[in-house]
*Asks:* 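This structure is in structure tokens; I'll ask about it shortly.
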Protein chains: 2
Amino acid sequence: MTLQKSNSLNPHVSVDCVIFGFDKGQLQVLLIKRGGKDEALALPGDLIRDDENLDEAASRVLYELTGLRNIFLEQLRAFGDPERLEANSDIQWLNSVREEPQARVITIAYYAIVKPGKLHPKPSSFASEVKWMPVLELPMLAFDHSVILSQALHHLAASLKKEPLLAFEMLPRKFTLRQIQKLYEEVLNKNIDKRNFRKKLQTAGMLIPLDEKEVGVSHKPARFYQFDKKKIKTKGWL
Amino acid sequence: MTLQKSNSLNPHVSVDCVIFGFDKGQLQVLLIKRGGKDEALALPGDLIRDDENLDEAASRVLYELTGLRNIFLEQLRAFGDPERLEANSDIQWLNSVREEPQARVITIAYYAIVKPGKLHPKPSSFASEVKWMPVLELPMLAFDHSVILSQALHHLAASLKKEPLLAFEMLPRKFTLRQIQKLYEEVLNKNIDKRNFRKKLQTAGMLIPLDEKEVGVSHKPARFYQFDKKKIKTKGWL
DNA sequence: GCAAAAGTGTTGGACGTACACCCATGC
DNA sequence: GCATGGGTGTACGTCCAACACTTTTGC
């Protein structure tokens with residue numbers, strides 16, 4: 001993958017993308033290994049171009065580094081500490097890829113949620129690897145990306161409380177009621193009563209029960225459901 | 001007022017401050033008239049310096065332009081359309097004050113709420129005038145500041161729903177119950193039942209009734225109250 | 001048969017909303 | 001005395017949280 005012609009890159013502003021998914025009963029985030037000696041884990045992010053706005057930059061950068069496209073990215077906030085790029089390993093890496101490695105860079109963080117099973121990210125540009133990692137078991141990330149991620153996580157929890165539909169964007173097309181509940185429990189970080197939770201799902205009336213059930217599980221198999229996009233009633237939830 | 005030494009200004013990133021207050025029964029915002037031929041109204045904002053973080057930049061810029069200090073500013077979001085500075089009048093003005101007037105500038109918007117009576121803003125730097133203007137009766141602002149203001153207003157309404165204490169930060173030290181209610185009604189843009197509203201204020205128990213009453217009003221004079229900062233119970237409101 | 005998760009209703013308390021009349025003051 | 005906003009209580013419905021047992025499957 002070739003980089004954009006470098007004279008159109010703006011060396012002072014970057015975007016970073018926090019992509020959340022839910023898989024294997026855990027909240028996951030999409031990270032890249034940046035090429036180079038340290039192989040540090042980082043959020044997918046890069047400098048913006050001077051001919052695009054911030055939203056466009058985030059979409060392009062995400063695509064260039066991971067191959068993911070058509071993801072609805074929402075701006076989180078800007079991060080601009082003068083020291084945010086000044087760890088030694090980060091400086092070395094910047095020297096190896098940036099035209100103005102010493103420049104002060106403000107970054108604008110974006111976040112999005114996707115169905116992990118549906119998408120098959122491919123590393124490119126300076127990403128040597130792209131992978132989903134469980135949010136609750138992460139090592140330190142490059143630059144100030146651990147800080148950005150933790151703020152994105154707070155924001156995700158707040159959004160999910162207000163807007164339950166988001167949950168369905170993170171689940172596969174067919175899912176069990178337990179899966180949704182696990183998702184809410186992990187993101188909101190608290191236990192939820194099974195009966196009350198299902199009652200509320202029923203009231204919202206956005207679920208289509210399927211005839212299909214789990215197979216090969218050593219307990220009563222759970223029914224699969226689909227999300228009914230036509231019936232959208234949002235009135236505050238949970 | 002002298003500008004900071006210009007070689008430390010970062011020509012690519014600015015901050016803009018949306019300062020809300022409540023006075024004369026109306027929601028007000030603090031604006032400057034920028035010097036120059038057009039005398040356009042704008043949010044107080046300017047380029048950041050390379051030795052300060054974004055929060056520090058916002059505080060400094062607000063102080064330099066309006067004389068206001070010790071205001072708690074919160075970041076709203078970044079605005080970075082390539083065309084955001086390209087109205088003719090804006091280009092002319094930039095040519096007259098900036099060292100790199102053609103540079104693309106990303107701006108980080110901040111917002112805050114203050115008690116208008118308490119503070120006496122003084123124009124300085126390139127601001128030829130500073131004044132409170134009613135939010136609901138504004139002309140077009142310079143640059144993309146009308147867009148920024150409208151987003152700040154949405155954010156204010158959302159914050160006020162969650163966090164009632166904010167209301168008290170916008171009112172004078174002594175206030176009547178009607179004043180608080182007017183504030184909520186204007187920001188949330190809906191009518192509120194007087195009895196229910198007062199009941200909730202009582203339940204929250206954050207008000208100290210004073211012996212003082214309104215004078216010179218041609219109706220039953222209202223009692224003044226103070227906000228009791230010790231009793232902070234926030235549990236979602238309105 | 002036993003372990004493991006699925007599935008299913010009722011009740012009590014808290015909270016929000018709707019609603020109407022008398023009171024103190026200036027003119 | 002009249003216009004204006006201040007001040008006060010009740011009744012109903014909705015929403016939320018707490019809570020336990022039977023069912024189906026794999027081993």
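Chain letters run A, B, ... following the sequence lines, proteins first and then strands; every chain starts at 1. Computed from heavy atoms alone, side chains included, the values below leave out hydrogens, waters and symmetry copies.
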*Asks:* Whole angstroms only, please: what is the CG-C1' distance between Leu201(A) and dC16(D)?
*Replies:* 15 Å
*Asks:* Tell me which of Asp193(A) and Glu214(A) sits closer to the 5' end of DNA chain C, going by the nucleotide each one is nearest to.
*Replies:* Glu214(A)
*Asks:* Rounded to whole Å, how long is the line connecting atom CZ of Arg198(A) with atom P of dA18(D)?
*Replies:* 18 Å
*Asks:* What's the CD-C1' distance between Glu185(B) and dG5(D), to the nearest Å?
*Replies:* 13 Å
*Asks:* Would you say Arg223(B) places a side-chain N or O within less than 4.0 Å of OP1 or OP2 belonging to dG6(D)?
*Replies:* no
*Asks:* Which pair of non-hydrogen atoms, one from Arg77(A) and one from Phe79(A), has the smallest distance, and what is that distance?
*Replies:* CG-CE1, 3.5 Å
*Asks:* Please give, in whole Å, the distance from dT17(C) P to Leu188(B) CG?
*Replies:* 12 Å
*Asks:* Quick check on DNA chain C: between Pro221(A) and Lys199(A), whose nearest nucleotide comes earlier from the 5' end?
*Replies:* Pro221(A)
*Asks:* Need to verify one output field. Residue with the more 5' nearest nucleotide on DNA chain D, Val215(A) or His219(B)?
*Replies:* His219(B)
*Asks:* What's the CZ-P distance between Phe197(B) and dG5(D), to the nearest Å?
*Replies:* 18 Å
*Asks:* For the pair Gln75(A) (side chain) and Ala78(B) (backbone), establish whether a donor and an acceptor sit closer than 3.5 Å, ignoring hydrogens and angles.
*Replies:* yes
*Asks:* When you compare the side chain of Phe197(B) with that of Ile180(B), does any pair of heavy atoms fall below 4.5 Å?
*Replies:* yes
*Asks:* Kindly say whether the aromatic ring centers of Phe175(A) and Phe227(A) come within a distance under 6.0 Å.
*Replies:* no
*Asks:* Please confirm whether the shortest side-chain N or O distance from Arg195(B) to OP1 or OP2 of dA18(C) is below 4.0 Å.
*Replies:* no
*Asks:* Return the value, rounded to whole Å, for the distance between atom CZ of Arg178(A) and atom P of dT25(D).
*Replies:* 18 Å
*Asks:* In whole angstrom, give the distance that lies between atom NZ of Lys213(A) and atom C1' of dA5(C).
*Replies:* 13 Å
*Asks:* Quick one: Leu177(A) CG to dT23(D) P, roughly how many Å, whole number?
*Replies:* 20 Å
*Asks:* For Lys194(A) and Ser218(A), take the nucleotide of DNA chain D holding the closest heavy atom to each; which residue's nucleotide lies nearer the 5' end?
*Replies:* Lys194(A)
*Asks:* Could you check which of dT17(C), dG5(D), dC16(D) has an atom nearest any side-chain atom of Lys220(B)?
*Replies:* dG5(D)
*Asks:* My understanding is that only one of Leu30(B), Leu149(B), Val187(B) makes a side chain to side chain contact (heavy atoms under 4.5 Å, CB included) with Phe20(B); could you say which?
*Replies:* Leu149(B)
